[in-house]
Amino acid sequence: MANLEALAKAFTGLGVDEKSLIENLGKSHPEQRTLFRKKTPQLFIEDERSFERWNDHCVRLLKHEFVRFKNALVLWAMHPWERDARLVKEALKKGPQSYGVIVEIACTRSSEELLGARKAYHSLFDQSIEEDVATHIHGSERKLLVALVSAYRYEGPKVKEDAAKSEAKILANAIKNGNKKNPIEDEEVIRILSTRSKAHLKVVYKHYKEVSGNNIHEDLDASDLILKETVECLCTPHAYFSKVLDEAMSSDAHKNTKKGLTRVIVTRADVDMKEIKEEYMNLFGVSLSKKIEEKANGNYRDFLVTLITRDN
């Protein structure tokens, strides 16, 4: 076979390199494919009956990789309301490890966009997002998540400075006393995060650091992940999206984490991709385009790069 290394690489990473597979595997002879199987123990294992067979785990992973391009295209073509509604439904089905997607949609969309997703959810699933979230989620995060998906925030520029200072202190005290009462269950914390405008919350975020000495998300640990992601999505969304993208391209990322690459690029390409790319460069010292070209393959890679480099 012309290039065993190129063929092995075509199966490695996010998506698959269709052109390389056609060029190298499609034109191969039986003895060349035998050599390929013998030289790629990460894909094939030697059976006790003296033949090389696919590693079942690899086959399962490849099913996900082959459909990445299709899934990205389908999501991109969807109406944004339908897309968000389906993403919420999928997150609820997958369980607690995917609840961050619900936070992301509830907190980074405009009031009208979130309302649109709620309307689409009615049409698609004959239920409301609010009742589905309340029914499926039973942990300490339920009240906050129901409040977030039910929100219709003021989106004007006016902020009450005194209220923002007061609420920064409320948040600081709730987090400080988290060993006594989980802040995600604190009614005042839920009220502030689910009803205040994003402009107001960014001022609260600023005052919190003056009170605490740290940013809010720095004072929250891993056990407060949903609360931490809520604050990040509301107050520093471009940094949040950049981190989701980088984690999705990590070599050892979970399959659900990897989905963040498609989700963020498809949902933000028409909105604030320019700002996300700038923040990504600021945080990780490499351009988002370059990182995608390194980590993704084939049509999937080309489609993602097209989305993030297009003129809006």
Side-chain angles (χ1 to χ4, degrees), residues 3-25 36 39-44 54-55 57-76 83 87 90-91 94 97-98 100-101 104 108 229 232-233 237-310:
N3 194 332
L4 284 173
E5 187 178 340
L7 186 54
K9 187 178 185 303
F11 283 112
T12 306
L14 294 161
V16 295
D17 190 337
E18 296 88 351
K19 185 177 180 180
S20 179
L21 291 176
I22 293 168
E23 182 67 26
N24 291 294
L25 195 58
F36 167 61
K39 294 291 186 179
T40 51
Q42 70 272 31
L43 299 176
F44 296 91
W54 272 105
N55 181 321
H57 177 65
C58 287
V59 172
R60 288 192 294 272
L61 291 178
L62 282 172
K63 287 180 181 178
H64 292 289
E65 301 309 330
F66 271 101
V67 300
R68 285 194 195 282
F69 176 51
K70 182 268 289 184
N71 290 343
L73 278 174
V74 170
L75 281 174
W76 178 246
R83 187 166 59 214
L87 287 170
E90 182 185 27
K94 289 188 176 298
Q97 73 272 19
S98 294
V101 176
E104 180 182 306
T108 64
E229 289 177 338
E232 290 176 336
C233 285
H238 302 133
Y240 164 82
F241 284 127
S242 295
K243 291 173 186 176
V244 170
L245 290 169
D246 198 65
E247 288 171 3
M249 290 185 279
S250 173
S251 301
D252 58 352
H254 186 273
K255 64 180 181 180
N256 289 337
T257 303
K258 289 180 179 179
K259 287 186 176 183
L261 181 60
T262 299
R263 185 184 72 250
V264 171
I265 289 178
V266 167
T267 60
R268 308 313 293 181
D270 284 330
V271 184
D272 53 0
M273 186 50 65
K274 181 176 180 290
E275 291 80 4
I276 292 170
K277 288 191 294 183
E278 290 172 354
E279 186 64 20
Y280 190 91
M281 173 64 85
N282 180 52
L283 288 174
F284 303 109
V286 63
S287 74
L288 181 57
S289 297
K290 184 176 181 181
K291 189 66 175 284
I292 290 171
E293 287 169 353
E294 290 175 358
K295 294 292 186 177
N297 293 317
N299 292 333
Y300 178 63
R301 173 199 61 215
D302 295 344
F303 185 59
L304 294 185
V305 172
T306 297
L307 292 186
I308 67 173
T309 56
R310 60 196 281 275

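All heavy atoms count here, side chains included; hydrogens, waters and symmetry mates do not.
- By the side-chain contact (heavy atoms from CB on, under 4.5 Å) test, K258 is found to be paired with L14, E65, R68, A253, residues two or more places apart in sequence or in another chain being considered.
- For the salt bridge (Lys or Arg N to Asp or Glu O under 4.0 Å) criterion with K243, the lone passing option out of E232, E279, E229 is E232.
- In this structure L61 satisfies the side-chain contact (heavy atoms from CB on, under 4.5 Å) test together with H57, sequence neighbours excluded.
- Scored by the side-chain hydrogen bond (donor to acceptor under 3.5 Å, both in side chains) test, T267 finds no partners at all (sequence neighbours excluded).
- Pairs of residues two or more places apart, or lying in two chains, that qualify as ring-ring contact (aromatic ring centres under 6.0 Å, His included) and include a residue from residues 245-280 are Y280-F284.
- For F11, the ring pair (Phe, Tyr, Trp, His ring centres under 6.0 Å) partners are W54, not counting sequence neighbours.
- In this view, S20 and N24 satisfy the side-chain hydrogen bond (donor to acceptor under 3.5 Å, both in side chains) rule, not counting sequence neighbours.
- Within the 3.5 Å criterion, the main-chain N or O of V286 finds no donor-acceptor partner in the side chain of K291.
- Side chain of E247 to backbone of T257: no donor-acceptor contact under 3.5 angstrom is found.
- Residues meeting the side-chain contact (heavy atoms from CB on, under 4.5 Å) test with T306, sequence neighbours left out: none.
- Remark: T12 engages no residue in a side-chain contact (heavy atoms from CB on, under 4.5 Å) (not counting sequence neighbours).
- Remark: K295 pairs with no residue by the salt bridge (charged side-chain N to carboxylate O under 4.0 Å, His left out) rule, at least two apart or across chains.
- With sequence neighbours left out, the salt bridge (charged side-chain N to carboxylate O under 4.0 Å, His left out) criterion links E90 to K259.
- With sequence neighbours excluded, the residues that form a side-chain hydrogen bond (donor to acceptor under 3.5 Å, both in side chains) with E104 are Y240, R263.
- Looking at residues two or more places apart in sequence or on another chain, you find no salt bridge (charged side-chain N to carboxylate O under 4.0 Å, His left out) involving D17.
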